[in-house]
Each structure stands twice: as structure tokens, then as C-alpha cells.
Amino acid sequence: MAKNSFSGVFPPSICAGGALVTVLAAYNGFTSLRSMTFQNCTTLEHIDFTENKIVADLMACFGKPPEQLRGLTVSNNHLYGTLLTDDGEVFLCNSTRLSLLDLSNNALNGDLSNSKCLWNMRHLEFMDLSSNSLSGVVPFLATPNRNLQSLHLANNHFSGAFPLVLKKSKKLITLDLGGNNFSGGIPSWISKSLPDLRFLLLSSNMFDGIIPSQILQFRQLQLLDLSKNKFTGRIPSNFGNFTGMIQEQKNGNSTYCYLPAEQLRIVLKNEGYLYNFTISFIVGMDLSSNFLSQEIPKGLTSLVGLRYLNLSRNHLSGGIPGDVGNLALLESLDLSENQLSGEIPPSLADLKALGTLNLSTNGLSGRIPTGSQLQTFPDPSIYSNNPGLCGFPLQDCVNPSASNQNDMKQDEDMETLWLYCFVVAGVIFGFWLYWGMLFCKETWRHVFYQYVDSMQDKVITKKIAAYRASKLRHE
Ligand SMILES: *[C@@H]1O[C@H](CO)[C@@H](O)[C@H](O)[C@H]1NC(C)=O
Ligand SMILES: *[C@@H]1O[C@H](CO)[C@@H](O)[C@H](O)[C@H]1NC(C)=O
Ligand SMILES: *[C@@H]1O[C@H](CO)[C@@H](O)[C@H](O)[C@H]1NC(C)=O
Ligand SMILES: *[C@@H]1O[C@H](CO)[C@@H](O)[C@H](O)[C@H]1NC(C)=O
């Protein structure tokens with residue numbers, strides 16, 4: 001029935017007397033599933049209600065879920081209610097053949113802390129519980145599922161440490177724990193235990209500590225999102241083994257995609273995206289909004305497959321690496337709100353694919369490079385709060401030769417020196433203009449002395465007159 005315009009209540013007796021194996025009703029307009037609709041569906045293996053408008057209590061639609069069930073995908077509906085039976089386990093525990101479970105984007109709840117069956121379903125390869133109201137810690141199991149390839153728990157209320165249960169999930173490709181309340185550090189076993197991981201999203205949690213250097217042992221990783229946590233220390237520097245980001249990932253390389261509908265929620269080019277990675281490709285690193293410090297490691301510029309790099313809102317210092325121009329595929333670069341200093345390297349202007357740039361709120365100085373790509377960024381706010389920057393699209397640099405603050409300071413010193421020179425020269429010039437003329441030209445000299453003489457005469461005559469007058473009065 002998939003991809004039609006069916007609507008209303010889904011037929012409640014769909015399984016009556018039959019041997020129905022598959023219900024594919026995705027992308028329709030069904031609005032309701034009656035309770036116990038799947039009560040007698042003992043032979044059912046696949047249920048797909050992706051993207052309808054169903055308002056229903058999910059657990060109540062099943063009496064006892066079919067034991068043969070392999071796939072249950074009901075994402076993007078309005079399903080509500082708890083997932084837990086009275087014993088605290090998830091109601092799907094008896095469907096031990098389940099390999100595909102997508103309950104994402106609904107309103108389901110429940111504290112999954114005691115539900116161990118979810119983590120040791122031997123066949124489960126894909127589980128997406130994201131964007132619900134689920135909570136609890138992920139329990140630890142001695143014999144967990146080793147076949148999990150894709151795990152999405154994003155945008156729920158999960159808490160506790162990084163799930164230790166994943167240590168044996170050697171086949172994991174996608175791990176999205178974003179938007180929860182996970183805390184503690186990234187375990188150092190992560191790259192060794194999850195060698196095939198390509199997508200690691202831990203953003204918007206309470207993770208802290210340093211980014212362990214072991215994270216650089218991931219050979220396949222192409223998306224690392226650690227944004228909006230409390231990570232401290234420096235960014236690791238030796239990216240030599242990071243082949244997933246050193247290579248260009250070509251479009252259409254979807255062999256690692258499990259479901260056509262598999263999606264990731266990420267921020268690219270300043271906007272939140274639901275990233276569907278069957279139709280596209282992505283290589284990016286987002287470490288923004290943490291407490292990372294020290295320099296941007298030089299090795300970062302060897303990740304020439306990178307398309308998105310966001311290091312904003314940290315405490316990074318030092319300069320922008322001079323060879324940032326090596327990142328030829330870079331489409332988006334955000335270094336805003338750090339303490340970066342020095343000049344913007346001219347090679348930044350070589351980034352032909354760059355469409356989003358933000359260098360605001362740093363201590364950068366000097367002239368903004370004038371390459372053609374940078375001329376396509378007329379918005380001056382991307383450079384704002386860098387008191388030392390000048391050139392397009394900011395104000396023209398005062399002294400065209402000024403290329404950094406040191407030069408500008410030297411220029412100021414030179415200006416003061418010149419001022420003194422001018423004053424002294426002025427005095428000397430004035431002096432000679434006055435006296436020189438008198439000494440050089442005889443007639444002027446005579447005129448001058450005559451003038452002085454006549455002044456003297458006048459003064460003396462006046463004095464004598466005054467003297468006489470006073471004498472006369474005394475007499
Ligand atoms: C399931 O089977 C029982 C017994 O045959 C029947 O009473 C019930 O109505 C059935 N439920 C549905 C939803 O068909
Ligand atoms: C997140 O977890 C911390 C403890 O790690 C707790 O204090 C805090 O209340 C939790 N926040 C939310 C929103 O659940
Ligand atoms: C970088 O990350 C911050 C959040 O930490 C976000 O607000 C900003 O839009 C991101 N920049 C880009 C270019 O996507
Ligand atoms: C640049 O970054 C700053 C701080 O992170 C942010 O406030 C501002 O909106 C960003 N500007 C643009 C144009 O993206």
C-alpha cells in the first residue's frame with residue numbers, strides 16, 4: 001500500500017484468518033491504528049508505517065508482538081505511550097529476530113534503564129529511537145549484541161556515561177547520541193572497539209574531559225560532531241590515520257547506509273539539517289561550543305576531504321594555520337568566538353568552494369586577503385569584533401602598506417619622529433628666514449637698523465621727557 005493517499009483508520013482486522021507476512025503502508029495518510037490491530041498477526045515479519053499521521057498508543061496495537069517480526073518501522077507519526085511492559089522490559093523482547101527497529105520522531109516514553117533485551121537482540125542491526133521522550137541509562141551487558149550497525153538515540157532524555165555496552169559492537173557505522181544528557185568522558189577504547197565507525201555524533205550533551213588522542217585511530221570516520229559539550233584541553237594534532245577525512249567522499253557512495261530513510265540531524269552552514277545520507281555525502285568536523293584551548297593543530301589542514309569545519313565558541317588561540325588553503329573542498333568554515341590572533345592567511349582566499357565563513361570575535365589583525373573567493377563575502381559581520389582587521393568589506397586600511405599590528409605600531413612611532421623633525425626644521429627655517437634675510441641683503445639690514453635706532457630714540461626721548469616732567473613737579 002506504500003506511497004498512496006490512503007487515510008483514516010487502518011483496517012483493524014487485517015490479519016483475520018490469514019497468514020499475512022508483510023504490511024507496507026509507509027507514506028500514506030492513515031490517522032489511526034486501533035488497539036490490538038496486530039493481535040492475531042502471528043506470521044507477520046515486516047510492519048512499515050513510516051510517515052503517516054497515526055495517533056495511537058503503539059504498545060496497545062500489539063497484544064503479543066509476532067515472534068517472527070524482523071522489521072518494525074513506524075517513524076514520523078504521532079505514536080505515544082510507554083514502550084515498557086510491567087516487568088520494565090520493552091514489549092518487543094519476544095521478537096528475537098528483530099533486525100530493524102525505527103520508532104523515531106514520535107512521542108514515545110519510558111525509562112529504558114532496566115530493559116536489557118534491547119541490547120542483546122542478536123539480530124538487531126539498525127535501531128533508531130531518536131526524537132521521542134525516552135529516558136534512563138543504557139544498561140551494561142556482559143554479552144551484548146555484536147551486529148549493531150546503526151544506533152540513533154538522539155533527542156531524548158537519556159543520561160549516564162558513554163554506553164559501555166557498545167564496546168563489543170564492532171560493526172557499528174553510525175552512532176548518534178546527540179541531544180541527551182549523557183555525561184563523563186569519551187572512552188579511550190572507542191576507536192579500537194568501533195573500527196568501522198563513520199558517523200559519530202555526541203553533540204548537545206554534558207560530555208567533558210579531553211578529546212582522547214585515541215579518537216584519531218578511526219580510519220573510516222567522516223563526521224565527528226562533538227559540539228555543545230564541555231570538552232577541555234587541546235585538539236589532538238596527529239591526523240595521519242584519519243583516512244575517512246583525508247579522502248574525498250564521493251556522492252552516491254551509500255554502501256554503508258542501512259535504511260533509505262536513515263537520517264542525521266546536524267548543523268551545517270548555520271542551519272539545522274536533517275541529513276539523509278543515501279543521496280549525498282558528508283565529511284565534517286564540528287567541535288564548536290566547548291572549552292577547547294591552545295592552538296588549531298597544524299595537522300588539521302591535512303584533512304583535505306573536509307567540507308565542513310566548525311571550531312567556533314571555544315578558547316582557541318594562536319594563528320589560523322597558514323596552509324588552510326589546502327582544504328580545497330571546504331564549503332563552510334566557522335572559527336568565530338575564539339582568541340585567534342595574527343593575520344588571516346592569504347591562502348584562505350584560495351578556497352574555491354567556500355560558501356560560509358565566520359571569523360568574528362577574535363583578535364585577528366591586518367589586511368583581509370583580497371582573493372576572488374573572499375570578494376564574495378560582502379557581509380562585514382563575519383569579521384566583526386576583530387579590532388585589528390581592515391580591508392574589504394571592512395574599512396580601508398589606513399596605511400596601504402600596513403600588514404599587521406606591529407607595522408602599524410612602527411608607523412605610529414615613525415609619525416611622531418617625523419613630527420619632531422618638522423618642528424625642529426620649522427624653527428631653524430624660521431630663524432634663518434628672519435635673520436638670514438637681514439644679513440644677506442644690505443638695504444634690508446639698513447632699514448632694520450634704522451628702525452631699531454628710531455625705536456630706541458623714541459624710547460629715550462620719552463624717558464627724558466618723563467624725567468623732566470617728574471622733576472618739574474617736584475620742584
Ligand atoms: C483475534 O482472534 C480472536 C480469536 O479468534 C478474536 O476474538 C479477535 O477478535 C481477533 N482480533 C482481531 C483484531 O482480529
Ligand atoms: C542531567 O544530568 C545531570 C547529572 O549528570 C543532572 O544533574 C541534571 O539534572 C540532568 N539534566 C536533565 C535536563 O535531565
Ligand atoms: C557552528 O556551531 C554553532 C553552535 O555551536 C552554530 O551556532 C553555528 O551556526 C555553526 N556554524 C556553522 C557555519 O554552521
Ligand atoms: C558569526 O558568529 C557569531 C558568533 O559565533 C554569531 O553570533 C553570528 O551570528 C555569526 N554570523 C554569521 C553571519 O553567521
Side-chain angles (χ1 to χ4, degrees), residues 9-20 23 32-44 47 56-66 178-179 201-207 211 223-231 235 264-275 282-292 296 300 306-316 320 324 327 329-340 344 348 351 353-364 368 374 376-386 389 393-394:
V9 180
F10 186 77
S13 51
I14 192 89
C15 291
L20 198 63
V23 176
S32 177
L33 271 172
R34 290 268 155 79
S35 86
M36 295 296 175
T37 297
F38 303 116
Q39 184 185 25
N40 296 331
C41 297
T42 49
T43 51
L44 211 53
I47 303 177
D57 182 332
L58 178 66
M59 193 164 75
C61 301
F62 294 87
K64 192 164 145 257
L201 293 92
L202 305 180
S203 75
S204 303
N205 277 289
M206 309 270 275
F207 285 114
I211 301 175
L223 181 62
L224 176 63
D225 186 354
L226 305 182
S227 64
K228 299 182 181 169
N229 280 288
K230 301 195 290 182
F231 289 111
I235 302 173
L264 294 169
R265 194 177 292 273
I266 45 179
V267 175
L268 302 174
K269 302 186 175 183
N270 292 315
E271 277 176 50
Y273 279 89
L274 259 185
Y275 185 82
I282 187 168
V283 181
M285 190 185 293
D286 188 349
L287 308 181
S288 66
S289 298
N290 279 290
F291 303 102
L292 299 170
I296 298 175
L300 204 62
L306 269 182
R307 291 175 193 272
Y308 306 94
L309 180 60
N310 192 343
L311 304 179
S312 71
R313 303 166 199 219
N314 279 292
H315 302 300
L316 300 172
I320 301 174
V324 65
L327 302 176
L329 301 176
L330 205 62
E331 292 172 31
S332 174
L333 176 65
D334 192 345
L335 303 177
S336 63
E337 279 193 49
N338 280 291
Q339 284 115 48
L340 299 172
I344 300 175
L348 191 76
L351 298 176
L354 201 64
T356 305
L357 175 69
N358 198 339
L359 301 178
S360 68
T361 316
N362 277 293
L364 298 168
I368 295 167
L374 286 186
T376 65
F377 294 97
D379 176 3
S381 80
I382 63 170
Y383 300 109
S384 62
N385 283 321
N386 286 284
L389 276 184
L394 303 178

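Computed over heavy atoms, backbone and side chain alike; hydrogens, waters and symmetry mates excluded. Order of listing sets the numbers, starting from 1, for every ligand and every atom in it.
For atom 13 (C) of ligand 1, the closest heavy atom belonging to the protein is Met36 O, 3.4 Å. For atom 9 (O) of ligand 4, the closest non-hydrogen atom of the protein is Asn358 ND2, 4.8 Å. The single protein non-hydrogen atom nearest to atom 4 (C) of ligand 4 is Glu337 OE2, 3.1 Å, given as residue, atom name and distance. Distance from atom 8 (C) of ligand 3 to its nearest protein heavy atom, with residue and atom name: Asn270 OD1, 3.5 Å. When hydrogens are left out, the protein atom nearest atom 5 (O) of ligand 4 is Ser336 OG, 2.8 Å; that is the closest non-hydrogen contact. Considering only non-hydrogen protein atoms, atom 7 (O) of ligand 4 sits nearest to Arg313 NH2, 4.3 Å. If you check which protein heavy atom lies closest to atom 6 (C) of ligand 3, you get Asn310 ND2, 4.2 Å.
For Gln39, a nitrogen or oxygen atom sits less than 3.5 Å from a nitrogen or oxygen atom of ligand 1, counting backbone and side chain alike. Taking distance alone, with nitrogen or oxygen atoms compared against 3.5 Å, Ser288 approaches ligand 3 more closely than that limit. Residue Asp379 has no nitrogen or oxygen atom sitting less than 3.5 Å from a nitrogen or oxygen atom of ligand 4, judged on distance alone. Checked by distance only, ligand 3 and Ser289 come closer than 3.5 Å through their nitrogen or oxygen atoms. Checked against a 3.5 angstrom limit, the closest N/O atoms of Asp334 and ligand 4 fall outside it. Checking only distances, Asn40 does come within under 3.5 Å of ligand 1, N or O to N or O.
Distances below 4.0 Å separate heavy atoms of Lys228 from the following atoms of ligand 3: 4 (C), 5 (O). Those atoms of ligand 4 that come under 4.0 Å of a heavy atom in Ser381, given as number and element, are 13 (C). If you number the atoms of ligand 3 from 1 as listed, the ones under 4.0 Å from a heavy atom of Ser332 come out as 13 (C).
Closest heavy-atom contact between Ile382 and Asn358: O-OD1, 3.6 Å. Between Phe377 and Pro393, the shortest heavy-atom distance links the atoms O-CG, 3.6 Å. Looking at every heavy atom in both residues, Asn290 comes nearest to Ser227 through ND2-CA, 3.9 Å. Shortest non-hydrogen contact noted between His315 and Asn338 is N-OD1, 3.4 Å. The nearest pair of heavy atoms linking Leu292 to Ile235 is CD1-CG1, 4.1 Å. Nearest heavy-atom pair across Leu44 and Pro66 is O-CB, 3.5 Å.
With a 4.0 Å heavy-atom cut-off, ligand 4 is reached by the side chain of Ser360 but not by its N, CA, C or O. Looking at Pro12 against ligand 1, only its backbone comes within 4.0 Å, counting heavy atoms.
In this structure the side chain of Leu351 never reaches within 4.5 angstrom of the side chain of Leu357, judged on heavy atoms. A 4.5 Å side-chain heavy-atom check between Leu359 and Ile368 finds every atom pair outside the cut-off. Residues Phe38 and Leu33 are in side-chain contact: their nearest non-hydrogen atoms beyond the backbone lie under 4.5 Å apart. Contact of the Val324 side chain with the Ile296 side chain is not registered, since no non-hydrogen atoms from C-beta on lie closer than 4.5 Å.
Within the 4.0 Å heavy-atom cutoff, Ser312 does not count among the residues contacting ligand 4. Residue contacts with ligand 3: Ser227 is excluded, as none of its non-hydrogen atoms falls under 4.0 Å.
Phe231 and Phe207 have parallel rings, their planes meeting at less than 30° on a 0 to 90° scale where 60° marks the start of perpendicular.
If you take CG on Asn229 and OG on Ser204, they are separated by 7.0 Å, rounding to the nearest 0.5 Å.
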